[in-house]
Amino acid sequence: MAQDPRIDVALTALKEGQAEPTKAELAEIADSLKPGVWFAGELSGERGRDADVVWDLTGAPYKGQVATGQAAVYYANPKIGLRKPFLFADGFNYGPSDLPGLFAYFNTVADGRPGLFDELLGRGYDIVLIGFAERHTHIQANAEVVADAVFRAIAERVGDERLTVGGVSMGGIITRYALAKLETQRMDHQTATYLSFDSPHNGAWIPLILQQMAYFFEDYTPAGPDGAKQADLVRSPAAQQLLWAWVENAKYSGPVATSSPLRQEFLEDLARVGNFPMIPRKLGVSNGRRDGVGLPLPVGEVAFDWQALVASATARFQPDKGDKQRIGGMHLGLAVRRSTTSEVPALDAVPGGTLDSFGKVADALKAKISEDYRSGTFVPAVSAAALDFDPVKWDVDPAAAISDDDLERGHLDAVEFDDANTEHSHVSRALVDWIVAQLAG
């Protein structure tokens, strides 16, 4: 019987005579560590057009929790109002959505031509950006916010043009679940097209060694201005539901694909609503390549090695499967962790949308890291393309080229891949042109 992918952590003792760090040494470490939430990102792009109107959104309760959000509406023709709604949900991050930033980001393309939203506005689509008060909460809770936005759009719409509904990153998963659930409830979402933009349909990846570091150094790092601690995103419900492999703390040893009951519960909820909506045409784009060419990272080798007077941290790129392969370690004073994984694939280097996860952690530790080593894969192309494989067992080769037959057996009706393995949610001209053509077709 094949072994489940797992992590093992050795609580190795330091050499005899090693003393606990002094208060002065701990204070020095705290001063050297960057405060704030690890793995969170900020949107870049010049703020442009203001929204024509903003809707306040409130979801139905989920497990007693009522999620809220807003929708920023940009009319193609303000004199007409909402005629051809294109609803697009924000993705995985910490805290509230930045909808002006989201509009600017998706409307910026380096070639000087109109960005995605300007292209759509010019073709008569009205942009409805859906944001969440807590992007890091349960997917099911924020799906209720999406449902509120869908029915608000239907109520505000002039005419009977059917909706386009989707999102970026986790926003594509939230909208996928929301539409599928509405169908099982026999509620008419009036959606003709569903669109996911580099959404991790079968799971995303943040290196396990970096997750451990977030937990391990948290107790020694000042909280951010809002009181948020560095592991708050990786321990959040959204991270647990989204990541294929997750650990609950820096000491955890055991299976990594089934370690979170929240992910297991979400996958069961997805299955109960049919996994995907059946009524709309389903489109998806991936920031990864299709031809099996991944990232040129040295699998199993050291990404960065940080050494301080009373602390250290070493991160390796994920080795490819095997038994008890070293992924790195960390120490502070007498607290030591040395970690290995078994049967975990080398996901850092597979084709897909990338995240500067190694760079973010190195920067937080003020460690030196090569520019070539800052980023690894966050959303493997096989996941963004929603190929038909088990989201827990991952019985797929994530490094292999994706064939037409693979796509035919998958869950989406049409998929486009980027020309290179680009940053997660990167808005390339190739993807913009494909989306516009698909919606026009």
Donor-acceptor contacts under 3.5 Å from residues 342-354 side chains, at least two apart:
unit_1 : atom_1 : unit_2 : atom_2 : d
Ser342 : OG     : Asp323 : OD1    : 3.3
Ser342 : OG     : Lys324 : N      : 2.8
Asp348 : OD1    : Trp205 : NE1    : 2.7
Asp348 : OD2    : Gln318 : N      : 2.6

Any ring pair (Phe, Tyr, Trp, His ring centres under 6.0 Å) involving residues 258-303? Give me the pairs, sequence neighbours left out, ordered by first then second residue. Tyr177-Phe266, His201-Phe276, Phe276-His411
Could you tell me whether Arg113 and Asp118 make a salt bridge, using a distance below 4.0 angstrom between a side-chain N and a carboxylate O? no
Can a donor-acceptor pair be found between the side chains of Arg316 and Gln325 at a distance below 3.5 Å? no
In a table with atom names and distances, give each donor-acceptor pair under 3.5 Å that connects a side chain of residues 142-149 to protein atoms at least two apart or in another chain.
unit_1 : atom_1 : unit_2 : atom_2 : d
Asn142 : ND2    : Glu134 : O      : 3.0
Glu144 : OE2    : Lys181 : NZ     : 2.6
Asp148 : OD2    : Thr58  : N      : 2.9

Any chance the side chains of Gln212 and Ser339 put a donor and an acceptor closer than 3.5 Å? yes
Applied to residues 196-206, the salt bridge (Lys or Arg N to Asp or Glu O under 4.0 Å) test, sequence neighbours excluded, yields none
With sequence neighbours left out, which residue pairs that include part of residues 293-303 fulfil the salt bridge (Lys or Arg N to Asp or Glu O under 4.0 Å) condition? none
Counterpart residues, salt bridge (charged side-chain N to carboxylate O under 4.0 Å, His left out), relative to Glu156 (two or more places apart): Arg152
Counterpart residues, salt bridge (charged side-chain N to carboxylate O under 4.0 Å, His left out), relative to Asp291 (two or more places apart): Arg289
By the side-chain hydrogen bond (donor to acceptor under 3.5 Å, both in side chains) test, which pairs, at least two apart or in different chains, include something from residues 384-394? none
Who passes salt bridge (charged side-chain N to carboxylate O under 4.0 Å, His left out) against Asp8, sequence neighbours left out? Arg6
Is the shortest distance from a Lys or Arg side-chain nitrogen in Asp404 or Arg290 to a carboxylate oxygen in the other one below 4.0 Å? yes
Tell me which pairs pass salt bridge (Lys or Arg N to Asp or Glu O under 4.0 Å) where either residue lies in residues 255-274, with sequence neighbours left out. Lys63-Glu265, Asp269-Arg272
Check: residues 71-90 side-chain donor-acceptor pairs under 3.5 Å, at least two apart:
unit_1 : atom_1 : unit_2 : atom_2 : d
Asn77  : OD1    : Lys79  : N      : 3.0
Asp90  : OD2    : Ser97  : OG     : 2.8
Asp90  : OD2    : Arg135 : NH1    : 3.4

Checking Glu218 now: which residues fulfil salt bridge (charged side-chain N to carboxylate O under 4.0 Å, His left out) with it, not counting sequence neighbours? Arg235
Any side-chain donor near an acceptor of the partner, His138 and Gln241, under 3.5 Å: no
